There are 2 protein chains.
Amino acid sequence: MDRERLIDEILMLLPVLARGLGRPDPSEAGKLARRGIPVDPTLSPGHVQVLIALGRGPHSIGRLAEAVGVSPPAASQLVDRLAEHGMVERRPDPTDRRVVQVDYVPGMQDIARRMMEGRSRKLREALGRMTDDEARALLKGLKLLVESFEGAHGEEKHGSHR
Amino acid sequence: MDRERLIDEILMLLPVLARGLGRPDPSEAGKLARRGIPVDPTLSPGHVQVLIALGRGPHSIGRLAEAVGVSPPAASQLVDRLAEHGMVERRPDPTDRRVVQVDYVPGMQDIARRMMEGRSRKLREALGRMTDDEARALLKGLKLLVESFEGAHGEEKHGSHR
DNA sequence: AAATTACATTTAAGTAATTTAAATAAATAG
DNA sequence: CTATTTATTTAAATTACTTAAATGTAATTT
């Protein structure tokens with residue numbers, strides 16, 4: 001298949017995927033509801049990212065913002081919501097009192113993991129239809145894509161045309 | 001690398017990518033401005049998708065909504081904006097007067113293509129660092145992902161979606 | 001040690017995208 | 001001809017995100 005054709009297809013596919021990921025499905029909320037956690041407000045992709053990031057240990061708001069790819073205020077708001085629902089908590093950093101460390105509420109790590117099980121399952125399912133090489137190539141491609149599209153946004157100046 | 005690890009990484013990566021795609025860069029607007037088309041409002045990923053979709057021929061609002069992955073009202077609004085800017089136009093369907101066909105304004109196809117050149121360039125750049133096999137695997141993976149995540153959304157309550 | 005500067009987080013305000021529900025108009029079925 | 005279904009649009013409301021300004025703490029300078 002022609003490279004240009006590939007580019008066209010991917011260009012069309014990416015936003016579709018982006019939208020699909022943007023809508024957490026009800027089954028995720030259901031998992032929480034069964035544990036008495038109110039879930040009226042929906043769970044945005046940002047919230048999901050925070051939960052994933054915390055799987056690698058506690059994060060400060062700043063590091064969380066960086067990991068998620070949003071501004072610090074946005075990260076703070078994401079944590080607000082998750083905290084309201086009793087999923088994460090803020091803890092003061094003993095070494096620097098400006099800093100707030102965010103972590104799962106004790107016992108929540110497991111629940112958070114399960115809550116994302118729906119997403120993981122879909123992904124696992126998709127990967128199940130690919131060979132190891134293809135799966136690796138997918139990850140590589142996604143990383144390159146992120147790199148290309150992220151790095152290019154602040155840069156606009158060189159022609160100084162506009 | 002472990003599959004589970006891959007899943008985690010991709011789960012974290014996808015929303016980052018989604019955000020990156022969400023912000024059209026200013027150079028695209030510049031291309032239009034030079035042709036006297038006012039571009040004060042920014043061009044969202046949805047608009048870009050519409051322009052790409054029209055590359056495959058005229059679409060009704062409904063088909064456009066489906067292609068882009070949004071509700072029909074949203075598609076209608078996307079077309080509103082693109083039409084205001086003189087890039088696309090609505091045309092009555094001779095065979096069914098409820099239907100509106102959307103197409104490029106004559107001569108605009110070329111410009112639309114060029115306008116997305118920035119995006120294509122980034123993508124081409126990323127693909128440039130991959131082998132043919134890897135690139136193909138990326139497309140395959142993206143398609144599978146879209147399929148998994150799209151099909152699964154109405155599914156929670158039995159059937160009866162939209 | 002006091003004052004200034006830098007930093008992490010939060011609060012506040014505003015913008016843009018997208019959804020659901022209701023309205024309009026045309027086609028089709030009985 | 002009337003009733004129902006389908007395509008699109010209008011309207012209202014929700015949500016996520018951004019920048020700018022405020023607060024409290026740390027580091028640095030004098």
Side-chain angles (χ1 to χ4, degrees), chain A residues 15-16 18-26 29 39-50 58-85 88-102 153-154, chain B residues 15-16 18-26 29 39-50 58-84 88-102 153-154 160-162:
Chain A
V16 176
R19 269 170 236 275
L21 294 168
R23 289 167 229 151
D25 68 81
V39 277
D40 342 272
T42 50
L43 222 56
S44 83
H47 294 116
V48 173
Q49 276 180 290
V50 170
H59 285 62
S60 71
I61 295 285
R63 288 213 307 139
L64 220 37
E66 205 176 328
V68 172
V70 297
S71 61
S76 189
Q77 288 169 20
L78 290 173
V79 170
D80 284 347
R81 193 93 148 256
L82 291 171
E84 271 169 33
H85 294 17
V88 307
E89 65 185 10
R90 288 180 163 91
R91 308 215 312 160
D93 185 318
T95 73
D96 184 339
R97 286 194 308 193
R98 291 171 303 182
V99 175
V100 171
Q101 293 291 343
V102 181
H153 272 303
Chain B
V16 176
R19 269 169 237 276
L21 294 168
R23 288 165 227 151
D25 67 80
V39 276
D40 341 273
T42 49
L43 222 57
S44 83
H47 294 115
V48 173
Q49 276 180 289
V50 170
H59 285 63
S60 70
I61 294 285
R63 289 215 307 139
L64 219 38
E66 205 176 328
V68 172
V70 298
S71 59
S76 189
Q77 285 168 194
L78 289 173
V79 171
D80 283 347
R81 192 99 145 248
L82 290 171
E84 272 169 32
V88 307
E89 66 185 10
R90 288 180 163 90
R91 307 215 313 160
D93 184 318
T95 73
D96 183 338
R97 283 193 310 190
R98 293 171 303 180
V99 175
V100 172
Q101 293 291 343
V102 182
H153 271 304
S160 94
H161 40 263
R162 304 181 189 242

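Chain letters run A, B, ... following the sequence lines, proteins first, then strands; residues in each count from 1. Because the structure is predicted, anything quoted here is derived from the model rather than measured.
You'll find that the side chain of A:Val100 is closest to C:dT10, out of C:dT10, D:dA7, D:dT9. Checking C:dT19, C:dA8, D:dA7 against the side-chain heavy atoms of A:Val99 singles out C:dA8 as nearest. The side chain of B:Ile61 approaches D:dT8 more closely than any other nucleotide in the set D:dC17, D:dT8, D:dA26. With C:dA26, C:dT10, D:dT18 as the choices, the nucleotide that has an atom nearest any side-chain atom of A:Ala74 turns out to be D:dT18. With D:dT9, D:dT8, C:dT10 as the choices, the nucleotide that has an atom nearest any side-chain atom of B:Ser60 turns out to be D:dT8.
The minimum heavy-atom distance linking A:Val99 with A:Ser60 is given by the pair CG1-CB, 3.8 Å. A:Gln101 approaches A:His59 most closely through the heavy-atom pair OE1-C, 3.3 Å.
Listed pair A:Arg90 / C:dT9 fails the phosphate criterion, with no side-chain N or O lying under 4.0 Å from OP1 or OP2. B:Arg63 has no side-chain polar atom (N or O) that falls below the 4.0 Å cut-off from OP1 or OP2 of D:dA7. Between A:Ser71 and D:dT18 there is a side-chain polar atom (N or O) within less than 4.0 angstrom of OP1 or OP2. Close to D:dG24, at under 4.0 Å from its OP1 or OP2, lies no side-chain N or O of A:Arg97. A:Ser76 has a side-chain polar atom (N or O) that falls below the 4.0 Å cut-off from OP1 or OP2 of C:dT10. Proximity of B:Arg98 to the phosphate of D:dT5: no side-chain N or O atom is located under 4.0 Å from OP1 or OP2.
Residue A:Asp96 contributes atom CG, which lies 12 Å from atom P of C:dC7 at whole-angstrom precision. In this structure, A:Glu66 atom CD and C:dA8 atom P are separated by 11 Å, rounded to whole Å. Summarising the geometry, the separation between CZ on A:Arg81 and C1' on D:dC17 is reported as 12 Å, rounded to the nearest angstrom. The separation between A:His47 atom NE2 and D:dC17 atom P is 8 Å, rounded to whole Å. The distance between atom CD of A:Gln77 and atom C1' of D:dT14, rounded to the nearest whole Å, is 15 Å. The distance from atom CD of B:Glu84 to atom P of C:dA16 is 13 Å, rounded to the nearest whole Å. At whole-Å resolution of the value, CG in A:Leu64 and C1' in C:dT9 are 13 Å apart. Between A:Asp80 atom CG and D:dT15 atom P there is a gap of 15 Å when expressed in whole angstrom units.
Nearest-nucleotide positions on DNA chain D for A:Gly46 and A:Pro94 put A:Gly46 closer to the 5' end.
A distance of 9.0 Å separates CG of B:Leu78 from CD1 of B:Ile61, quoted to the nearest 0.5 Å. Considering CZ of A:Arg81 and CD of A:Glu84, their distance stands at 7.0 Å, rounded to 0.5 Å.
Taking a pair to require two hydrogen-bonding distances under 3.5 Å in either a Watson-Crick or a G-U wobble arrangement, C:dT5 pairs with D:dA26.
Surrounding CZ of A:Arg90 are more than 12 heavy atoms belonging to other residues, nucleotides or ligands, all under 6.0 Å away.
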